[in-house]
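Keep in mind the model is a prediction, meaning the values are calculated, not measured.
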Amino acid sequence: MLSVLRRTLVQQTRGFATNNIAVAGFTGAVGNTPLIHLKTLSEQTGCNIYGKAEFQNPGGSIKDRAAVGIVLDAEEKGRIKPGGTVVEGTAGNTGIGLAHVCRAKGYKCVIFMPNTQSQEKIDLLQMLGAEVHPVPAVAYENPLNYNHQAKEYAEKLENAIWTDQFDNTANAYAHYISTGPEIWEQTKGEIDGFVCATGTGGTLAGVGKYLKQKSAKTQIWLADPPGSVLYKYISSGGKLVDRSGSSITEGYTFLSTTNRDLSGALRIPDEKSISMLYQLLDTEGLYLGASSALNVVAAVELAQKLGKGSTVVTVLCDGAYRYQSRLFSKKWLESKGLGDAIPESLRKYAVLD
């Protein structure tokens with residue numbers, strides 16, 4: 001018998017664009033996003049490179065899937081009742097997804113986040129009615145880390161949950177029963193590789209598990225920015241090493257899932273992500289965030305590894321709207337040493353001072 005979570009995500013999500021199916025509110029509108037063929041990159045590599053348009057979720061990012069899955073799971077298990085409070089420590093998009101879900105379901109939403117996040121994200125959370133607590137960005141080991149503060153806050157409240165996105169199995173399960181099957185259906189089972197970056201590990205774990213169950217030949221790869229331990233963790237066979245450096249993406253720091261399905265890991269420099277971000281805008285008309293651009297760089301590199309004619313899929317996590325004051329600011333890019341990463345012919349898009 002299907003659980004409430006599985007029934008909701010599988011049966012109530014909208015059909016593909018060709019199906020005129022009405023859906024049940026915000027939660028019903030999450031998922032079944034288009035799979036976009038990236039024409040220019042495919043032609044350049046002689047491969048088929050696709051990006052799953054997760055920016056088309058109603059809350060604007062792939063994290064809508066985790067938000068719906070986690071809240072529905074808590075409801076199913078009786079951990080939260082009507083009028084309750086949902087608390088999370090998040091660097092941004094999960095909080096936005098949770099804020100949307102909470103508004104749709106009548107819960108209060110409280111978000112603890114590093115004070116390094118973009119003002120656009122903070123503003124949006126507050127516009128959605130969330131109570132936002134920006135706190136100093138400190139290492140996970142520090143008791144003042146935003147995740148620990150969120151947990152402690154939730155424990156003091158009645159009828160409240162800390163969603164614990166990093167270790168909550170409902171996160172990966174949401175992708176196992178929705179994102180993975182969608183990709184398999186949209187590629188008609190012809191997929192040689194899937195690659196994406198990980199924050200919590202939910203997307204990679206859930207999609208990877210599903211695709212490997214469908215076809216053992218499909219390779220699952222991790223894409224990682226500078227400043228994350230995950231590339232070295234996977235490349236070293238699971239030995240955790242100290243983090244060093246910093247990245248313009250979300251600063252992914254740990255993997256809360258198994259790596260048994262992974263074929264390997266790719267380290268993607270920020271310079272390549274920025275260059276790809278502007279290339280995708282120019283050649284595909286896609287206005288994407290840095291994490292999406294990182295994923296596409298990784299997809300190109302994986303396609304080149306797998307050879308001509310291969311089919312590789314990644315996820316386009318979100319759009320650039322929440323980061324435009326940085327990603328299209330000449331001053332900000334130069335302050336990060338990334339001004340020269342933009343191809344000269346594309347610098348016309350960096351219109352903000």
Side-chain angles (χ1 to χ4, degrees), residues 61 63 66-67 70-71 74 79-80 84-99 101-102 107-172 197-202 224-233 239-257 270 289-291 318 322-323 325-326 332 335-336:
S61 86
K63 294 296 187 177
I70 288 171
V71 172
R79 295 178 55 227
I80 190 168
T85 302
V86 174
V87 185
E88 181 56 297
T90 170
N93 279 335
T94 300
I96 292 168
L98 286 169
V101 174
C102 286
Y107 298 125
K108 180 179 179 181
C109 184
V110 179
I111 301 296
F112 285 78
M113 66 190 308
N115 58 10
T116 55
Q117 289 303 297
S118 66
Q119 189 61 44
E120 289 98 333
K121 282 188 177 181
I122 296 172
D123 291 343
L124 179 54
L125 283 167
Q126 293 176 331
M127 290 173 192
L128 290 169
E131 180 181 312
V132 183
H133 296 265
V135 298
V138 295
Y140 184 77
E141 295 76 16
N142 190 314
L144 295 179
N145 176 272
Y146 63 97
N147 288 289
H148 304 317
Q149 292 199 49
K151 179 182 179 182
E152 292 172 3
Y153 185 91
E155 289 173 345
K156 296 175 183 177
L157 302 177
E158 295 290 333
N159 190 20
I161 59 167
W162 170 51
T163 52
D164 188 19
Q165 63 167 326
F166 288 97
D167 292 308
N168 193 326
T169 56
N171 180 348
T198 66
T200 62
D224 214 31
S228 170
V229 302
L230 303 184
Y231 172 80
K232 291 180 180 178
Y233 176 78
K239 297 178 181 178
L240 193 62
V241 294
D242 290 335
R243 173 182 174 177
S244 62
S246 60
S247 172
I248 57 158
T249 55
E250 303 245 340
Y252 311 120
T253 55
F254 53 99
L255 185 64
S256 301
T257 185
D270 285 340
S291 296
D318 62 6
R322 294 168 187 167
Y323 322 95
S325 65
R326 298 181 180 186
W332 186 86
S335 74
K336 299 296 181 181

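With rounding to the nearest 0.5 Å, the separation of OG1 in T200 from CG in N171 is 4.0 Å. Going from atom CG of L124 over to atom CD1 of I122 covers 11.0 Å, rounded to the nearest 0.5 Å. In this structure, CG in L128 is found 10.0 Å from SG in C102, a value given to the nearest 0.5 Å. Interatomic distance, T90 OG1 to K63 NZ, rounded to the nearest 0.5 Å: 7.0 Å. With rounding to the nearest 0.5 Å, the separation of OH in Y107 from OG1 in T85 is 10.5 Å. To the nearest 0.5 angstrom, M113 atom CE is 5.5 Å from L125 atom CG.
Within 6.0 Å of CD in E158 there are 12 or fewer heavy atoms belonging to other residues, nucleotides or ligands.
Residues H133 and I111 form no side-chain contact, since every pair of their non-hydrogen atoms from C-beta on lies 4.5 Å or further apart. The shortest distance between side-chain heavy atoms of K336 and D270 does not fall below 4.5 Å. In this structure, S61 and R322 have side chains that are in contact, with non-hydrogen atoms separated by less than 4.5 Å.
Closest non-hydrogen pair, R79 versus I161, comes out as O-CG2, 3.3 Å. Pairing each heavy atom of A160 with each of A154, the nearest pair is CB-O, 4.0 Å.
Between the side chain of E88 and the main chain of G95, no donor-acceptor pair closer than 3.5 Å is present. N168 places a side-chain N or O within 3.5 Å of a backbone atom of T163 that can act as its donor or acceptor partner. Judged by distance alone, with hydrogens and angles left aside, the side-chain atoms of N159 form no donor-acceptor pair with the main-chain N or O of I80 at under 3.5 Å.
Counting only N and O atoms by type, the side chains of Y323 and D318 include a donor and acceptor under 3.5 Å apart.
Residue pairs meeting the salt bridge (charged side-chain N to carboxylate O under 4.0 Å, His left out) criterion with at least one partner in residues 135-149, sequence neighbours excluded, are absent.
Screening V86, N93, V110 for a side-chain contact (heavy atoms from CB on, under 4.5 Å) involving L98 leaves a single residue, V86. The only member of W162, F112, Y140 that meets ring-ring contact (aromatic ring centres under 6.0 Å, His included) when paired with H148 is Y140.
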Kindly determine whether Y153 and E131 satisfy side chain to side chain donor-acceptor pair (under 3.5 Å), including the steps that lead there.
-> CA-CA 12 Å; Y153 185 91; E131 180 181 312; 3.3 Å; yes
